[in-house]
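Read through the structure below, which is laid out as structure tokens, and then see the notes.
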Amino acid sequence: MSESAMQDQQRQQTSELAKAYDPSAIEEKWAAYWVKEGVFDTPEARDAKAFVMLLPPPNVTGRLHMGHMFEQTEMDILTRWHRMRGERALWVPGTDHAGIATQMMVEKALVAEGTGRKEVGRERFLERVWDWKKQYGGAITDQMRRLGASVDWSREYFTMDEDLSVAVNEAFVRLWEQGLIYRGAYIVNWDPTIQTAVSDLEVESEERVGKLYYIRYPLADLSGEYITIATTRPETMLADEAVAVNPEDERYKHLIGKMVILPLSAPQLGVEGNREIEIIADDWARPEFGTGAVKVTPAHDPNDFAIGKRHNLGQRSIFDERAHIALPHSPYDGLERFEARERIVRDLDAAGVLEAVKDHAMTVPVSQRSGSVIEPRLSDQWFVKIQPLADKAIAAVKDGHIRFTPEMYEKTYFEWMGNIHDWCISRQLWWGHRIPAWYCEAQHITIARKTPTVCATCGKTGLVQETDVLDTWFSSGLLPFTVFGWPGEQERGGSNGSTKDMADFYPTDLLVTGFDILFFWVARMIMLGTHFMLDVPHADGTARALKDAVPFREVYIHALVRDADRQKMSKTKGNVIDPISIIERFGTDAVRFTLASMASPGTDIAFSEERTDGYRAFANKIWNAARFLFMNIDRGREAGIAVDFCELASALKSAETLEGKWILTRLGAACAAVEKALEAYRFDEAASAVYQFFWGELCDWYLEVVKLRLEFGPNADKAETTAALTTLVTVFEAALRLLSPFMPFITEEIWHALWASSDAGVAPGKSVALTRFPMASDCLKDEASAVTMESLQEVIVAVRGLRKEISVPEKEAVPMRIFGEPAAEIASVHARVLAKMARVSAVEIAGGALSGSGARSTAGFDVQVVYERVIDVAAERERLTKDLAKFEKGLTAANRQLGNEAFMGKAPAHIVDGLRKQAAETQMLFEKATAALAELNG
RNA sequence: GGGCGGUUAGCUCAGUUGGUUAGAGCGCCUGCCUUACAAGCAGGAUGUCGGGGGUUCGAGUCCCUCACUGCCCACCA
């Protein structure tokens, strides 16, 4: 290694940062470091308060999208913040086996290989899924690592893990034993593509214009009379069991109880003679719809199913699991349902019984997963009797044991819980938790924790296990306690079922998620959590109340991330923004900060690249401010001036200079603002407070002013320089800690570099993320200095404005005059600052009000820039006229108020005082502007 | 058919229990390569707070109403 290369490396290890901010150069390094060093593994310290969150487990098939990144950014900010506040922060990561999605994916691969799921068989297929999972299942968690999510990787789970599967079985068995699970033949939402039942939640409705077909059903008495029914689904008529009319419908009263002949029935069904069905009376038939007569098809429509139950109708079924007609002797046999519809309509027309076809706006149920139209299907399924669970879940929120933010979601939650239907939990899939039920030859059901050998009812052997698996949400609904070891010792014959982790971490503190899974997941966790955990006593053996049975104490529902045009991101629209590619362009920190800053409640996020670019500039600003800091530390070292890093904490409490006292005070205010914002999940406000402090105060003002004190030459006042450098380092170090939950990478990099430049040469810990979060109480609070500094800033801003107005060349230093205390005094005391910040060559305190060329008045002082250049009279006149109008308007409004007896009588004193003061100031400005204008006009 | 949001600067959004003359970022205009940063610095312009009505001393903020817009829920052939 050459000497210069060695020096380079040396510098790298100490304080030097690369010239340009390049996120890619630092982010992957720290992401890997955090994982390797186990920085975010939960500490054992039992005395600290815990802060626990569960990561909503992404699908194992998933790739990270902006929504994940947004959600994880929010969770990470909160976790890092709580951790830095000294809490025992635990953020549990994991992935979901995602039954349908994963099965579909592997099935697709098999099809591509020229085979299929059914061809390879259940066992081989599951092997393939596991292989797939091993190979690709880590994609999304790898992406999470890249984001720097501060989860405890040592606790990572997968919903199909052995222990979680045992817990799922246990939950199922208990619900069965408690009579809360039943099996039966009901109409369910059937997805004919995936060929499984799905729950109500997995069905979406789509507006479509369909047709309403009017079909004549002739009376069986051969009177020639007929009844016309209207239907949107003529193909299901082959399974009709009745025609229903409203009992109050005068048109049809005389027909009730009579039989009609089902058109197309005899030959098509291969039955001798025509099939006859009865005209029945049922309230469900609405006289105003269609013809008022409706065909009843119990096996293919949930409403008809209910009617069938009421009237003891048959349950003839005509579709197979693919929704193809399955009538062996019919000409329609094997036809797909929509094809069958066309054929049947044509045949009805030919038979002369098709009275009319009208357009009809309708909503069709569509499977969320496959996009296929849902076929209501009568089949044997497993259900959870949900009402008893819902009751507890409602109580948990009503009694305030779970709090929603934003609050309005409580209403949505109650609404849904109050109208809940039993939950169909069986899926005709292979990938998932297989239902622990076995059937004997006589179809008796045996439910068991472990594979039984004999039937619980008849004692016979030769049991066959249920082939259905459980809804994926059944297992994820149990996660808040199964990840902590439920059912614990009880399962192994122990005492009370609680575990150490449960005692430490249950209930979790917070759930951060999107409203799209409010019912799927959040509601189910609440139902299952309150149900099962109520039975698990506390570690000390005392019974658990509802308050501690809840899976989490708070739910924060975040907004949705949309594209820049507010469109929902979707693959079909092709507007999906890949977070990784955005990260590669702008850096993770910038993207995180963007998401946080846009996370205002109740409003979806329109993700904007311009905005992200702005926050990349912020990161760059931080980077360069750090370079400025290091440059001065180096200059100090060469001049024998060093900062005592051991004294940083106490240095936050005091400073020598005005700007030093001011910046410490402002830092404290920023800390307080961030704290308050994060407590209310106002990530946008927190981000803006941090941004404003760092850029608008620290960089724009403090760094510029402190340059005056950083003299390292031989004649410099070493004490002054040391003090200034100490405050600079102190504020900067605290700012890094303040920023770190939002921008973990850049702050980690700079924080290590900063400590590397200290005498110790190393950081006092593994990570800035393990340091203390700065608090307002850590910082000096000197309001008097803050007010003085603000006056000085006002003078500087006024002078800068004036210079521009009268076109003083940028580089030229000119004298100024000022009138009005205390600003004048402050200006003359801090003339050096004025010289630096506003290029003022001399400060003269004037004996009276200032007006005319190059002068400006503010409420507190008059200031004039002395420069011999003819001002632009027209522009000046315009400005003054405009000001005047503004003052006049304000004055009129203020005086109207002050002259209003009702206002004076009823408004609180501080409002009246404030208004008076303001009116007086405006009056003064008004007079000054009037005078100036008069002078201008000669 | 029910329910819930949103409408504030050209754009994206803040705006605490009603309280002094409504803010930020981006963009725009002008001038600056001032040795941390041109991914920067300084200065500047910009609003009938969706329309209408009401309550109040006082309304962007509360109430009513209309319009537009987004979302959720719903078994209607």
Side-chain angles (χ1 to χ4, degrees), chain A residues 17 19-21 187 205 212 229-233 244 284-286 289-291 293-297 301-306 360 362-363 365 376 406 408-409 411-412 415-416 419 421 515-516 518-519 560 564 566 568 597-598 600 602-608 610-611 613-632 680 682 684-685 688 691-692 696 699-700 703-704 707 797 800-805 807 809-811 836-839 886-887 889-891 893-894 897 900-908 910-919 922:
Chain A
L17 293 184
K19 276 223 174 64
Y21 164 61
I187 294 269
S205 34
L212 194 56
I229 59 94
T231 179
T232 55
R233 300 205 56 196
W284 193 79
R286 291 182 313 150
F289 188 94
T291 62
V294 57
K295 67 194 217 36
V296 181
T297 323
D301 183 280
N303 298 304
D304 294 8
F305 181 78
H360 180 62
M362 53 195 272
T363 53
M408 62 167 176
Y409 286 108
K411 224 171 159 178
T412 314
E415 188 75 20
W416 187 77
N419 299 302
H421 299 297
F515 70 81
D516 50 331
L518 183 59
F519 308 135
L560 242 51
R566 322 211 116 266
K568 216 171 186 166
S597 73
M598 298 185 84
S600 35
T603 314
D604 285 346
I605 294 179
F607 186 81
S608 126
E610 288 83 51
R611 189 102 180 228
D613 205 31
Y615 290 118
R616 183 183 55 158
F618 180 47
N620 188 53
K621 189 79 182 174
I622 297 166
W623 188 262
N624 279 298
R627 288 182 53 224
F628 172 76
L629 177 69
F630 291 133
M631 189 186 85
N632 283 291
R682 289 303 301 264
D684 57 330
E685 286 181 356
S688 123
Y691 182 93
Q692 175 52 33
C699 290
D700 286 350
L703 290 191
E704 290 307 319
K707 283 174 183 173
V797 168
R800 282 169 174 170
L802 283 170
R803 289 174 54 101
K804 198 86 163 182
E805 231 168 74
S807 305
E810 288 283 333
K811 284 185 175 168
K836 168 85 180 72
M837 301 296 283
R839 289 192 188 275
K886 193 173 75 186
F887 295 147
K889 194 178 151 204
L891 213 49
Q897 287 270 72
N900 184 334
E901 273 178 45
F903 170 76
M904 297 304 282
K906 291 187 181 176
H910 74 277
I911 295 296
V912 176
D913 288 350
L915 189 62
R916 259 204 202 106
K917 197 173 150 207
Q918 186 202 313
T922 311

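Labels below follow one simple rule: chain letters A, B, ... track the order of the sequence lines, proteins then strands, and each chain is numbered from 1.
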5′-ward residue of the pair K917(A)/S597(A) relative to RNA chain B: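 By nearest-heavy-atom nucleotide position, the 5'-most residue is S597(A).
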Position toward the 5' end of RNA chain B (nearest nucleotide), G914(A) or S608(A):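 First, find each residue's nearest nucleotide; the 5'-ward one identifies S608(A).
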Span that lies between the C1' atom of rC11(B) and that of rC4(B), in whole angstrom: 27 Å
All N/O pairs under 3.5 Å across the protein-nucleotides 74-77 of chain B interface:
| unit_1 | atom_1 | unit_2 | atom_2 | d |
| --- | --- | --- | --- | --- |
| rC75(B) | O2' | N303(A) | OD1 | 3.3 |
| rC75(B) | O2' | N303(A) | ND2 | 2.4 |
| rC75(B) | O2 | N303(A) | OD1 | 2.5 |
| rC76(B) | N3 | R286(A) | NE | 3.2 |
| rC76(B) | N3 | R286(A) | NH1 | 3.1 |
| rC76(B) | N4 | R286(A) | NH1 | 2.5 |
| rA77(B) | O2' | A230(A) | O | 3.3 |
| rA77(B) | N6 | R286(A) | O | 2.7 |
| rA77(B) | N6 | F289(A) | O | 2.9 |
| rA77(B) | N1 | R286(A) | N | 3.0 |

Parallel, tilted or perpendicular, as decided by the 30° and 60° cut-offs, for the rings of Y409(A) and F515(A):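 Ring orientation of F515(A) relative to Y409(A): parallel.
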Under 4.0 Å protein heavy-atom contacts per nucleotide of nucleotides 44-49 of chain B, with B for base, S for backbone only and - for none: -SS---
Base versus backbone protein contacts along nucleotides 23-39 of chain B [heavy-atom cut-off under 4.0 Å; B, S, -]: --S----BBS-B-BB-B
Min side-chain heavy-atom separation S597(A)-Y691(A) under 4.5 Å: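 They are not in contact (no side-chain heavy atoms under 4.5 Å apart), so the answer is no.
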Partner set under side-chain contact (heavy atoms from CB on, under 4.5 Å) for A293(A), not counting sequence neighbours: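 A293(A): side-chain contact (heavy atoms from CB on, under 4.5 Å) contacts with I227(A), I229(A), V243(A), V245(A), Y252(A), T291(A).
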Nucleotide-level pairing of RNA chain B, given in dot-bracket where Watson-Crick and G-U pairs need both distances under 3.5 Å and | marks other strands: (((((((..((((.....[...)))).(((((.......))))).....(((((..]....))))))))))))....
Would you mind classifying the nucleic acid contact of [X] as base, sugar-phosphate or nothing, using non-hydrogen atoms under 4.0 angstrom?
X       : value
N632(A) : nothing
P376(A) : nothing
M904(A) : nothing

Any protein N or O atoms within reach of nucleotides 2-9 of chain B? Criterion: under 3.5 Å, listing atom names and distances.
| unit_1 | atom_1 | unit_2 | atom_2 | d |
| --- | --- | --- | --- | --- |
| rC4(B) | OP1 | K411(A) | NZ | 3.2 |

Rounded interatomic separation in angstrom, taking CG from D684(A) and P from rU16(B):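 My rounded result for the distance is 12 Å.
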Side chain to side chain contact (heavy atoms under 4.5 Å, CB included) assessment of N632(A) paired with F628(A): CA-CA 6 Å; N632(A) 283 291; F628(A) 172 76; 3.4 Å; yes
Check against side chain to side chain contact (heavy atoms under 4.5 Å, CB included), R611(A) and R616(A): CA-CA 9 Å; R611(A) 189 102 180 228; R616(A) 183 183 55 158; over 6 Å; no
